Amino acid sequence: MSERHIVIIGGGISGLSAAYYSLKIAEQRGIRLKVTLIERESWWGGKIRTVRDDGFTVEGGPDNFVTVKPWALELCHELGLTKRLLPTNPNARRVFILWRGKLHLLPHGFLTFSPDLKGLFETDLLSWRGKLRVALSVLLPKREWNEDASVGSFLRYYLGSEMTERVIAPLMAGVYGGSIEQLSARMTLPTLWQIAKLHRNLAWASLVRTLRRRLFGQTQVNQNLSFFVTLRSGLGELVETLLANLTEANLLLKRTVVTLMTNAEERKVSVTLDDGGKLIADAVILSTPAWAAAELLRPIDEFLAAELSSIPHTHAITVSLAFDQSQVRHPLNGSGFLVAPEDQQENLLLACTWTSSKYPPRAPQGKVLLRAFVNRLVPISDEELVAEIVKVLRPLLNISGEPQRSWVFRWESAMPQYTVGHAQKVAKVNERMRHWRRLFLAGNYLSGIGIPDCIRAGREAAEKALRFIG
Ligand SMILES: Cc1cc2nc3c(=O)[nH]c(=O)nc-3n(C[C@H](O)[C@H](O)[C@H](O)COP(=O)(O)OP(=O)(O)OC[C@H]3O[C@@H](n4cnc5c(N)ncnc54)[C@H](O)[C@@H]3O)c2cc1C
């Protein structure tokens, strides 16, 4: 068989995974394959950006990934990174909520939306009325849901307004950078959505599960496995290791794909670069953000472009701050805090990770590293932004003096919003893509925004492309 050529557009984790799995599958199946990976920025990894400075490991984008979804862990195992995985500090797994100007401890189980009764009754985040509403939700009748609903309306039914607005809203904003009134329950809470379809209500299902476990000793989720993990030298280590495994690929950095040319019958795809260079491919994987894929597809498929560009995105800024330990009098005995929507109006912050508590190797001995998360683009300089963030954090964490170092990363249109109806939109996109047999999509807007889902998307696109051309 003659050599086949796959071009992958976008060198974020979706594209890097697509390149890695393409070469791996080709080798397994004895297919002679050339892979070209093209990235327009001056670094590989897309949103994954790790800066190592003066003993600090600073993450500009994602700082960890969940272990409940297997694809990132599987890739790390394949790449020999298992021993490099860093779990969250077991002494710093508590999370706080900033509500009405004060930090409140999030009781056990709230992170996974399954509060235990002790935690529920002890918390000062909810009034007695709010607590009773959660506890009595076990009596709710079964409710039939249509195609989709917002996270807000879905969870308000089961947990009441207080729990939904003070606990769930900040948790969801911390992941998606968006509002529970717009996010789709079906896409962002697929397990709870399924449970609600099958059982009388969420609390009832949780009670039945607990009773079964007690009576029949059914296996419980491994509580020892950290819910989040990262890599010892930061997530950049995953990018660097992937690149080290892509020596056979043609890697083009600081090159932008400007046009794609194909039609349904053609046997090849023609890819034009910003320097006028042309590549001829048997298959192309678009692993860019949705809006960038829309621009490339617009000349050949207006419908597809319209669907992709209708996916809303929010912006993100991370501000990392380094202090001497003596400057921060708060014990930082947790992994950080999330901000309740009520308090988001008053300040810029959406969340703050106590990085050096959550992952101690991120800062040198005697230093504190904090990371603030903002979900709007603010037209002020980095210095002004740092000053604003310090102003908010100072009274909460009892900070004296100014930060010794700071790092600001601004990400425009970075977080796709899985709004109500997103599942139908993705179904339409997938259906339409069947028409373009040599084009494949991978990215964070399809079936999950997190790193494990992006790796799965890259891997699945590689499998489909190889199946087609092989
Ligand atoms: C601040 C922040 C914090 C986050 N925290 C977490 C977290 O802790 N855990 C987690 O799991 N997820 C987190 N996420 C989400 C996760 O990081 C992203 O969803 C994921 O990294 C996206 O990867 P990707 O490869 O799909 O897209 P990207 O990383 O956006 O990569 C796409 C690449 O395509 C390139 N490109 C676009 N157009 C072209 C073109 N025409 N030609 C060539 N190249 C092009 C872009 O330059 C870009 O590098 C976070 C995201 C942000 C922004």
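Since the structure is predicted, the reported quantities are computational estimates derived from the model, not experimental observations. Each ligand, and each atom within it, is numbered from 1 in the order the structure gives.
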Per-atom contacts of ligand 1 with [X], taking only distances under 4.0 Å to non-hydrogen atoms:
X: Asn444; result: 18 (C), 19 (O), 22 (C), 26 (O)
X: Gly450; result: 10 (C), 11 (O), 12 (N)
X: Ile38; result: 43 (C), 44 (N)
X: Ile9; result: 40 (C), 42 (N), 43 (C)
X: Glu41; result: 47 (O)
X: Thr318; result: 1 (C)
X: Arg255; result: 43 (C)
X: Met415; result: 51 (C), 52 (C), 53 (C)

Side-chain ion pair, [X] and [Y], N-O less than 4.0 Å:
X: Lys24; Y: Glu27; value: no
X: Lys428; Y: Glu431; value: no
X: Glu59; Y: Lys47; value: no
X: Arg432; Y: Glu307; value: no
X: Glu240; Y: Arg84; value: no

Return the residue, atom name and 0.1 Å-rounded distance of the protein heavy atom closest to [atom].
atom: atom 20 (C) of ligand 1; value: Cys454 SG, 3.8 Å
atom: atom 34 (O) of ligand 1; value: Gly10 CA, 3.3 Å
atom: atom 11 (O) of ligand 1; value: Ile451 N, 2.8 Å
atom: atom 17 (O) of ligand 1; value: Pro62 CG, 3.2 Å
atom: atom 23 (O) of ligand 1; value: Ile13 CG2, 3.6 Å
atom: atom 1 (C) of ligand 1; value: Phe373 CE1, 3.5 Å
atom: atom 49 (O) of ligand 1; value: Glu39 OE1, 2.7 Å
atom: atom 24 (P) of ligand 1; value: Ser14 OG, 3.4 Å

### Task
Under the side-chain hydrogen bond (donor to acceptor under 3.5 Å, both in side chains) rule, collect the residues that match up with Lys254, sequence neighbours excluded.
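With neighbours one apart ignored, the set is empty.
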
Can you confirm whether [X] sits close enough to [Y] that some side-chain heavy atom of one is under 4.5 Å from a side-chain heavy atom of the other?
X: Thr88; Y: Phe227; value: no
X: Arg410; Y: Asp382; value: yes
X: Leu85; Y: Leu73; value: yes
X: Trp43; Y: Val239; value: no

### Heavy-atom pair of closest approach, residues Tyr21 and Ile455
CE1-CG2, 4.3 Å

### Task
Measure from atom 40 (C) of ligand 1 to every heavy atom in Val257, Asn375, Thr353, Ile449 and give the option owning the shortest one.
Val257

Report yes if [X] has an N/O atom closer than 3.5 Å to an N/O atom of ligand 1; otherwise report no.
X: Lys47; result: yes
X: Trp411; result: no
X: Asn64; result: yes

### Task
Kindly state whether the ring of Tyr445 and the ring of Trp291 have centres lying under 6.0 angstrom apart.
no

### Query
Taking everything shown except Gln404 itself, do over 12 heavy atoms lie less than 6.0 Å from its CD?
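Result for CD/Gln404: enclosed.
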
### Message
Below 4.0 Å, non-hydrogen atoms only: which portion of Ala442 touches ligand 1? Side chain, backbone, both or neither.
### Response
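None of Ala442 does.
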
